[in-house]
Participant: 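Dropping the structure in here first, questions after.
On a predicted model such as this, the values are computed, not experimentally measured, just so you know.
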There are 2 protein chains.
Amino acid sequence: MPRSGEDARRRLQDAALALFRERGYDHTTTAEIAAQAGVTERTFFRHFPDKREVLFESQEKLATALTQAIAEAPQDLSPMAVLQRAFQQVAPRFEANRSYSLPRQELIERTPILKERETSKLGALSQTLAVSLERRGIDGFRAQLAARSGMAIFALVLDAWFKDPSRSLADYFSRAFVELGRL
Amino acid sequence: MPRSGEDARRRLQDAALALFRERGYDHTTTAEIAAQAGVTERTFFRHFPDKREVLFESQEKLATALTQAIAEAPQDLSPMAVLQRAFQQVAPRFEANRSYSLPRQELIERTPILKERETSKLGALSQTLAVSLERRGIDGFRAQLAARSGMAIFALVLDAWFKDPSRSLADYFSRAFVELGRL
DNA sequence: ATCGTTGACGTCAGTAACTGTCATTATATT
DNA sequence: AATATAATGACAGTTACTGACGTCAACGAT
């Protein structure tokens, strides 16, 4: 068996985040990232389909975790309750990695083209959640609506928690779902 | 006064949509679009900051229309009622232009990179709506949540209406807001 | 220990999106 | 007709991204 490539991949991700934060996203070339990681530019594009994607592996993992959490939820819960439960289950991921996810989020927030990729990923994620809800027997339109409103909460809560971590994510989620009920 | 440039702009938009639909987005170069419009590639990028943006001028107009509709809504309405009213007001735009907006939407739907731009624009739009709601005295978090849930409805309704135009947009909107209340 | 397999990596050439700069052209106004 | 001004053309340059092909490193089998 040949070498794994996992090392190079991680080095590329680290180098990218570091350089993006130092010089800004568009003043960093993929060649520079590759050089700092000790590989060629070509190798960068073997690991990531484009320059932005180097920052979004965690989001992929989040998607699978949420999908699994929904699939395992008890059958008698309402759509929104299922989502709330799933969100609470993945919350520790963020609270354990704030030192990584916070600077990453700051970078994304101040870089329009990265923000675009992030919103797009969240949109795709809500689509995935909708499918998961449908698999539980929920009507298509209701599932879509619940998933999208749920993702709205998810994004808002994370945003609030990044700005003020004094309250727990669980707390933020609970309050947000109550708020949605009032609208 | 010099020439206006509006003609070239419209020709570029028409050429782009036509070519994208014929050959697909990524098998069409900006140079080809420019040639078909009778201008240079450089002129393309004077009118649009990037290749995708040539398809999204209508979305900008939608944003201003919605913002205005919210600002003009009676003061005693709930956030969701304000949004519903605003959506109903802009609905005729789509029903009058289905022959343009449907093929455009089909193209966006089958082109990931265009879909990404669209979701991003909708995200930005919901941010704008949130600000409009805040200006009406609605609390920040509630405004954000209402705006995002509202945009979820907006996107879902349009999608449904594109697939089945036998029911009116007004009808779709009414039912969707009722559905959201039930979640 | 050697060998062969396999997938990661390097090298190189090429395309196309996008930008900066400066000269030129078209039109409304005087 | 002369002029001011914004749109356009011309051209060089950077950088993201791709295809093709050869090389190398790690592991299993012998």
Participant: Does the A:Thr40 side chain pair with the main chain of A:Arg42, one donor and one acceptor, at a distance under 3.5 Å?
Facilitator: no

Participant: Who passes salt bridge (charged side-chain N to carboxylate O under 4.0 Å, His left out) against A:Glu72, sequence neighbours left out?
Facilitator: none

Participant: Using the side-chain hydrogen bond (donor to acceptor under 3.5 Å, both in side chains) criterion, which residues pair with B:Arg93? Sequence neighbours excluded.
Facilitator: none

Participant: Which residues, if any, of residues 110-117 of chain B bring a heavy atom under 4.0 Å of DNA chain D?
Facilitator: none

Participant: How would you list, by chain and number, every residue that makes a salt bridge (charged side-chain N to carboxylate O under 4.0 Å, His left out) with A:Asp7, sequence neighbours excluded?
Facilitator: A:Arg10

Participant: Between D:dT15 atom C1' and A:Leu19 atom CG, what is the distance in whole Å?
Facilitator: 16 Å

Participant: Do the charged groups of A:Glu116 and B:Arg52 touch, with an N to O distance under 4.0 Å?
Facilitator: yes

Participant: When you match A:Thr40 and B:Arg3 each to their closest nucleotide on DNA chain C, which lands nearer the 5' end?
Facilitator: A:Thr40

Participant: How would you list, by chain and number, every residue that makes a side-chain hydrogen bond (donor to acceptor under 3.5 Å, both in side chains) with B:Asp139, sequence neighbours excluded?
Facilitator: none

Participant: Short question: side chain of A:Ser149, backbone of A:Ala146 - any donor-acceptor pair under 3.5 Å?
Facilitator: no

Participant: At a cut-off of 3.5 Å, list every protein nitrogen or oxygen paired with a nitrogen or oxygen from nucleotides 28-30 of chain C, distance to 0.1 Å.
Facilitator:
| unit_1 | atom_1 | unit_2 | atom_2 | d |
| --- | --- | --- | --- | --- |
| C:dA28 | O4' | B:Met1 | N | 3.2 |
| C:dA28 | O4' | B:Met1 | O | 2.9 |
| C:dA28 | N3 | B:Met1 | N | 3.1 |

Participant: What residues in residues 42-59 of chain A put a non-hydrogen atom under 4.0 Å from any atom of DNA chain C?
Facilitator: A:Arg42, A:Thr43, A:Arg46, A:His47

Participant: Any side-chain donor paired with an acceptor under 3.5 Å for B:Glu109 and B:Gln105?
Facilitator: yes

Participant: CD of B:Gln68: more than 12 outside heavy atoms within 6.0 angstrom?
Facilitator: no

Participant: Output the residues of residues 24-36 of chain B in contact with DNA chain C, where contact means a heavy atom of the residue under 4.0 Å from an atom of the strand; sort by number or write none.
Facilitator: B:Thr28, B:Thr29, B:Thr30

Participant: Applying salt bridge (charged side-chain N to carboxylate O under 4.0 Å, His left out), can you list everything that pairs with A:Arg46, at least two apart in sequence or on another chain?
Facilitator: none

Participant: Under a cut-off of 3.5 Å for both distances of each Watson-Crick or G-U pair, what dot-bracket string does DNA chain D give, using [ ] for crossing pairs and | for inter-strand pairs?
Facilitator: ||||||||||||||||||||||||||||||

Participant: Rounded to the nearest 0.5 Å, how far apart are CD1 of A:Ile70 and OG1 of A:Thr128?
Facilitator: 9.0 Å

Participant: With sequence neighbours left out, write down each residue that passes salt bridge (charged side-chain N to carboxylate O under 4.0 Å, His left out) with B:Glu95, or none if nothing qualifies.
Facilitator: none

Participant: Test question: given the 4.5 Å side-chain rule for I, L, V, M, F, W and Y, name all other residues clustered with B:Leu12, or answer none.
Facilitator: B:Leu17, B:Leu19, B:Phe20, B:Tyr25, B:Ile33, B:Val39, B:Phe44, B:Phe45, B:Phe48, B:Val54, B:Leu55, B:Phe56, B:Tyr100, B:Leu107, B:Ile108, B:Ile113, B:Leu114

Participant: Do the rings of B:Phe154 and B:Phe94 sit parallel, tilted or perpendicular, given the 30° and 60° boundaries?
Facilitator: perpendicular

Participant: When you measure from the side chain of A:Lys121 to the backbone of A:Glu60, do you find a donor-acceptor pair of N or O atoms at a distance under 3.5 Å?
Facilitator: no

Participant: Find the distance A:Glu41:CD to C:dG10:C1' and express it as a whole number of Å.
Facilitator: 12 Å

